[in-house]
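Inspection log for the structure reproduced underneath, given as structure tokens.
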Amino acid sequence: MSDFESGFGRRMMLAAPNRLGILAGYALAALVRALIVGALLFAVALATGMHVLGDGVDLFGLIVLALLVNFTAAMWAAGVAMRLRTIQAGPVMQMPVFIVLFLAPVYVPLGLLSGWVKAVAQLNPFTALVEGGRDLIAGASVHLALVYGVALALGLLFTVWGVRGLRSAETAG
């Protein structure tokens with residue numbers, strides 16, 4: 001975001017023969033951040049007594065799911081950043097994500113929710129991702145087709161969003 005305010009973003013646009021590489025760079029940076037933060041949080045959780053009931057296959061599935069969601073978030077943020085091209089776009093990136101997660105069963109399983117939050121959570125596509133991740137770490141039965149289908153569909157949708165944002169930045173100069 002501040003790349004565009006400082007003029008660095010414009011120089012990247014001029015220097016890159018294939019500007020999709022800029023999006024790939026943002027995705028790669030997000031991947032590295034996710035791996036570092038995920039490894040640290042997992043280590044702290046294990047050190048403080050978290051019980052992991054899933055086996056190695058479940059944990060691998062959880063990591064793949066987390067990376068797909070991370071990629072989706074990176075493409076969402078890149079699309080917003082490319083369209084607005086200002087550091088002040090940060091809240092525009094964060095607030096919708098906060099609302100979507102608030103309306104998903106992040107802190108408790110779906111079965112423990114009630115009222116309008118439960119009704120909305122049942123329609124929220126992130127519910128499948130959160131519940132699927134929870135089931136993978138717990139070693140419980142997972143609807144893999146649903147979980148990965150939602151993750152891939154959202155990843156594809158927000159990749160289109162990111163590419164269109166890049167095209168918007170190209171035309172803006």
Side-chain angles (χ1 to χ4, degrees), residues 20-82 90-166:
L20 291 176
I22 296 170
L23 278 182
Y26 282 130
L28 185 60
L31 171 73
V32 170
R33 269 193 318 267
L35 290 173
I36 292 170
V37 170
L40 288 173
L41 286 176
F42 193 71
V44 168
L46 289 175
T48 57
M50 179 180 76
H51 298 285
V52 177
L53 303 175
D55 58 16
V57 174
D58 290 334
L59 290 180
F60 178 76
L62 179 64
I63 291 167
V64 170
L65 179 61
L67 294 178
L68 286 170
V69 171
N70 178 266
F71 176 79
T72 299
M75 290 300 102
W76 157 255
V80 172
M82 296 290 177
V92 177
M93 293 174 194
Q94 295 171 344
M95 196 61 177
V97 173
F98 173 75
I99 292 170
V100 166
L101 290 177
F102 177 75
L103 298 173
V106 174
Y107 299 109
V108 297
L110 184 62
L112 297 178
L113 294 177
S114 63
W116 69 270
V117 174
K118 182 174 187 170
V120 173
Q122 290 173 328
L123 300 173
N124 187 342
F126 277 85
T127 294
L129 303 176
V130 171
E131 291 281 308
R134 187 178 287 131
D135 289 343
L136 284 167
I137 205 163
S141 165
V142 183
H143 302 290
L144 290 177
L146 173 66
V147 171
Y148 287 104
V150 168
L152 290 171
L154 288 172
L156 180 62
L157 175 72
F158 286 108
T159 297
V160 171
W161 167 259
V163 169
R164 292 187 62 159
L166 179 65

| task | Please lay out, stage by stage, how L101 and V97 fare under the test side-chain contact (heavy atoms from CB on, under 4.5 Å). | result | CA-CA 6 Å; L101 290 177; V97 173; 4.0 Å; yes

What donor-acceptor contacts under 3.5 angstrom involve side-chain atoms of residues 39-63, with partners at least two apart or in another chain?
unit_1, atom_1, unit_2, atom_2, d
T48, OG1, V44, O, 2.9
T48, OG1, A45, O, 3.2
D55, OD1, V57, N, 3.2
D55, OD1, D58, N, 2.9
D58, OD2, D55, N, 3.3

| V150 side chain near L146 side chain, heavy-atom distance below 4.5 Å |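 A side-chain contact exists here, since the closest heavy-atom pair is under 4.5 Å.
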
| query | How many angstroms lie between OH in Y148 and NE2 in H143, if you round to the nearest 0.5 Å? | reply |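 Spacing of OH (Y148) from NE2 (H143) equals 14.0 Å.
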
| field | Listed partners of L28 passing side chain to side chain contact (heavy atoms under 4.5 Å, CB included), at least two apart | value |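 Testing L28 for side chain to side chain contact (heavy atoms under 4.5 Å, CB included), a comparison that skips the adjacent residues, returns L31.
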
| said: Once side chain to side chain contact (heavy atoms under 4.5 Å, CB included) is applied, do any residues pair with V108, and if so which ones, sequence neighbours excluded? | reply: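 Applying side chain to side chain contact (heavy atoms under 4.5 Å, CB included) to V108 gives L112, L113.
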
| task | Evaluate the criterion side-chain contact (heavy atoms from CB on, under 4.5 Å) for residue pair Y26 and I22; output intermediate values, then yes/no. | result | CA-CA 6 Å; Y26 282 130; I22 296 170; 3.8 Å; yes

| task | Sort and list the pairs that fulfil salt bridge (charged side-chain N to carboxylate O under 4.0 Å, His left out) and have at least one residue in residues 109-129, not counting sequence neighbours. | result |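 Applying salt bridge (charged side-chain N to carboxylate O under 4.0 Å, His left out) to every pair that reaches into residues 109-129, excluding sequence neighbours, yields nothing.
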
Show every donor-acceptor pair shorter than 3.5 Å between a side-chain atom in residues 119-139 and any protein atom, with sequence neighbours excluded, or say none if there are none.
unit_1, atom_1, unit_2, atom_2, d
N124, OD1, F126, N, 2.9
N124, ND2, V100, O, 2.8
N124, ND2, L103, O, 3.0
T127, OG1, A121, O, 2.5
T127, OG1, N124, O, 3.4
E131, OE2, L110, N, 3.0
E131, OE2, R134, NH1, 2.7
R134, NH1, P105, O, 3.2
R134, NH2, P105, O, 2.8
R134, NH2, V106, O, 2.8

Contacts under 3.5 angstrom, residues 70-78 side chains, donor-acceptor by atom type, not counting sequence neighbours:
unit_1, atom_1, unit_2, atom_2, d
T72, OG1, L68, O, 3.0
T72, OG1, G155, N, 3.3
W76, NE1, M93, O, 2.9

